Amino acid sequence: MQFPYSWLKTQANPDLSAEQLAYLLTMAGLEVEDSEAAAPDFSGVVVADVKSVEKHPDADRLNITQVDAGTGELLQIVCGAPNVRAGMKVPCALVGAVLPGNFKIKPTKMRGQVSNGMLCSAKELGLPENGVDGLLELPADAPVGTNLRDYLDLDDTVFTLKITPNRTDCLSIKGLARETAALTQCAFTPPAVPAVAAQSEHRFPVRIDAPADCGRFLSRPIRGVNACAASPEWLVRRLERCGVRSISALVDIGNYVMLELGQPMHVFDADKLSGSLIVRRAANGETLACLNGKTVTLQDNTLVVADEKGALSMAGLMGGESSAVSDDTQNIVLESAWFAPEIIAGKSRQYGFGSDSSFRFERGVDFALTREAMERATALVLEICGGEAGQIVEATGDLPERAAVNVRTARVAKLLGVDVPAPRIERILADLGLQPQPTVDGFAVTVPPFRFDIAIEADLIEEIARVYGYENIPDDAPRGRLAMLPLPENRRPRFDVYRHMASRGFREMVSYAFTDEAWERDFSNNNNPVRLQNPLAAQYSVMRSNLIGSMVEVLKHNLNRKHSRVRLFEIARVFAKNADGSVRQHERIGALAYGAALPEQWGEKARAVDFYDVKADVESLLAGQNAVFVAAEHPALHPGRSANIVIDGKTVGFIGELHPKWLQQYDLPAAPLLFELDLAVVQQRDKTVYRPVSKFQAVRRDLAFVLPESTAYADLEQALRGVASPLIREIALFDVYRGAGLPDNMKSMAVKILLQDNDATLTDEAVEAVVAQLLAAAENVGAKLR
């Protein structure tokens, strides 16, 4: 919302500077994003009257003008503007004036003719040009010699507010003035809007066929208007300083009423209408040519204003070209309506365009304002364009009910931590237009229709806190007893997972759960992802089902900034569809490793990170759990260098190298290694159990097995661990051999077996008995002692 301070002062005039008002509004929850002067700094420019214009004798495009600038004598000024003429009022920069950009005006000669000043265009003064090529023409009644800054109020301040969606009442000068008066205790004087008596019995019938979507609809015909009448300068100036371009008098009046009171308006050309105005739902496939030049195909979730022939406008969103006013318009119909926010919300995204009207309607407009806005618009049309006003016709549908909300003074003190006296609470609520009524323990408020955001007691307490002043609430530190809660021993704390990953050299990344649909196809082979109805942007249109796309994107970001060794991890939610169409979500931990295995150093030879480095990271993360790595394919990973991570027969994640085709597509110079695990599995751990340290020496046996090339070490290890002997303390692979001395398609694996007893020194007989069991178990997977 953009507005000039001068307009606000017509309804609430606090004794505050622009800077003080900006601070006050921001502290009250109406964030002031920007405040700037209505025009750049310049001096020495006055209103002047051009008395005569003659062609320059030595220049085809220059004119010699005699100008009355209020100095007591005519000034000769050479001017090249194409629109200069005798009798016009224009800005004149006198000798000694300083224009924007520190441009100083001095006496000069132009092609031999003396020029004592400069006639100025809007562009030269840093003012809106409005499509005019040449001098800025001022109204004929502009007083000659008056300082231009004073005449156009150019020392005014223009504020830009970031209004939150719940404060639609502050999207108008009237609403902002009410708020300012409540904050500063100055007088609130909204514009008086007397009823305009009908000058004829003419009326335009209206009907509501969708009462749940439209609570109130008013029409008023006005005949014999002058559509070519010029908007007065004061109206154009206020619109411009609110960021609205002047178009024509009739359109400007609608915009002005919307900005002044908060009620969007629409104007129809009455001669282009057929029968009654009807508010209804659109038919599927119905088309409408809109005022923005687009032709849209409507859906049945869209509310339209139509006549007997078809749709005329998208209700609350955009008018139609077929019924628009033009310079040839002679008879008009004014529309003032209230549409339910639910029927307008989302239509801007659905059709790809919005408007100031839809911005207000979808947040909630005061449904008691429609008649006041109609009277105000009628008065302005008659004042500026003339005409004969007809009767107001009103149709009603379903309007919201405003229930009473109670606020307790004791509850205010408890929530705010400060004792606000009851008279102060009553004054605050009254200043906000809430009309409080005293009760036994506080006040009752019947919420007015301009405050859609007040529904419960906490909402009223928030209003009291805003106006009382957050800075007036003491920042006492809270006091209370803190009790340590027990943590289950079999659940790993979440922070411990973060700390563990950091200790392994990984850095945490945080990314959006929204992702690009292409990533889902590439990295998950997911052609039916969870889609967003209202995505932030095209590249965030679906919810991710794994973390790979986000990690690859962050990797590219780092590579583009010359980081050649990257270690990333993220703990986040992923989303997928169930068979019945519902959505399930759960947390995963994903990690990526790229570049050298170790930081650059002198002590170790440089090598690239490989599968086994990342596998070691996974095993350390799952320490204490019997994780098995089973070769498997994944859409994102190299088919020969990827595996599923299995615990107790259940797949809990995957690990592998990024597929070569994605390296090419995503322009990566080398393949990163990735893994992803269910966070719940990572957080599981066995309860800590005390075990005594044996004082007896351990016995080591090294067993070299010959087994088929197709048999994985995991199969061998699983078979060996299946031997139920309490003496076995460790089983570890320490050598793999292929080559001379072995049959074709066979390999040798040497395994270290560590045996120990807590109660006695191991004898050869006990050791050999366990070794025999191990050898028998190995034979079950085709492994024989070498």
Side-chain angles (χ1 to χ4, degrees), residues 191-211 214-232 235 247-258 260-261 263-280 291 303-313 315-316 319-339 357 367-397:
V193 184
V196 178
Q199 299 160 306
S200 73
E201 292 300 318
H202 185 62
R203 62 184 63 221
F204 205 93
V206 298
R207 187 175 84 240
I208 298 176
D209 288 350
C214 178
R216 183 169 285 155
F217 193 94
L218 279 69
S219 71
R220 185 171 208 171
I222 303 179
R223 291 182 167 182
V225 299
N226 176 15
C228 295
S231 297
L235 188 147
I247 298 174
S248 67
L250 293 173
V251 176
D252 291 350
I253 288 169
N255 287 331
Y256 184 86
V257 173
M258 177 183 68
E260 182 181 53
L261 302 178
Q263 171 66 49
M265 303 284 296
H266 189 67
V267 185
F268 294 100
D269 188 326
D271 296 327
K272 298 178 182 178
L273 305 180
S274 176
S276 304
L277 287 176
I278 307 165
V279 185
R280 60 172 173 81
L291 287 173
L303 193 68
V304 297
V305 178
D307 62 5
E308 305 296 344
K309 292 183 178 179
L312 300 171
S313 68
E321 186 67 38
S322 64
S323 58
V325 295
S326 65
D327 291 346
D328 299 326
T329 298
Q330 297 180 353
N331 305 307
I332 64 171
V333 176
L334 294 177
E335 169 209 309
S336 181
W338 183 85
F339 304 114
S357 296
F367 57 76
L369 196 63
T370 50
R371 183 170 288 269
E372 181 182 354
M374 178 66 78
E375 300 288 6
R376 179 62 166 152
T378 301
L380 289 172
V381 170
L382 297 180
E383 176 187 343
I384 298 170
C385 302
E388 180 184 76
Q391 302 286 338
I392 294 178
V393 177
E394 179 177 350
T396 57

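Not measured: the values here are computed from a predicted model. One-based numbering along the sequence shown.
- Separating the CZ atom in R376 from the CG atom in L369 is a distance of 12.0 Å, to the nearest 0.5 Å.
- Shortest non-hydrogen contact noted between A395 and V206 is CB-CG2, 3.7 Å.
- For the pair S323 and L273, the tightest heavy-atom approach, listed with the atom from each and the gap, is CB-CD2, 3.9 Å.
- Counting heavy atoms from C-beta outward, R223 and Q330 have side chains that stay 4.5 Å or more apart.
- Put simply, the side chain of L312 does not reach to within 4.5 Å of the side chain of V304, judged on heavy atoms.
- The closest donor-acceptor contact from the side chain of R220 to the backbone of G390 lies under 3.5 Å.
- Here the side chain of R216 pairs a donor or acceptor atom with the backbone of F367 at under 3.5 angstrom.
- The closest side-chain heavy-atom distance from I392 to E375 is below 4.5 Å.
- Remark: L277 CG to D307 CG distance equals 7.0 Å, nearest 0.5 Å.
- The closest side-chain heavy-atom distance from V325 to V225 is not below 4.5 Å.
- Atom-to-atom distance recorded for S336:OG and F217:CZ is 9.0 Å, nearest 0.5 angstrom.
- Nearest heavy atoms, L382 versus G387: CD2-O, 3.5 Å.
- Between I278 and E308 the shortest side-chain heavy-atom distance falls below 4.5 Å.
- R280 CZ: more than 12 foreign heavy atoms inside a 6.0 Å radius.
- The minimum heavy-atom distance linking G319 with S313 is given by the pair CA-CB, 3.6 Å.
- Atom CD of Q199 is surrounded by more than 12 heavy atoms from other residues, nucleotides or ligands within 6.0 Å.
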- Decide yes or no on side chain to side chain contact (heavy atoms under 4.5 Å, CB included) for L334 and I332, but give the supporting numbers first. CA-CA 7 Å; L334 294 177; I332 64 171; 4.1 Å; yes

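- Atom CE of residue M374 and atom OG1 of residue T378 lie 6.0 Å apart, to the nearest 0.5 angstrom.
- In this structure, the separation between CG on L250 and CG on L380 is 11.0 Å, given to the nearest 0.5 Å.
- When side chains are defined from C-beta on, L261 counts as touching P191, because their heavy atoms get closer than 4.5 Å.
- N331 places a side-chain N or O within donor-acceptor distance of the main-chain N or O of G224, the cut-off being under 3.5 Å.
- Using a 4.5 Å cut-off on side-chain heavy atoms (C-beta onward), E394 and R371 make contact.
- Here the shortest heavy-atom pairing between G386 and I222 reads O-CG2, 4.3 Å.
- A distance of 10.5 Å separates OG in S219 from CD in Q391, rounded to the nearest 0.5 Å.
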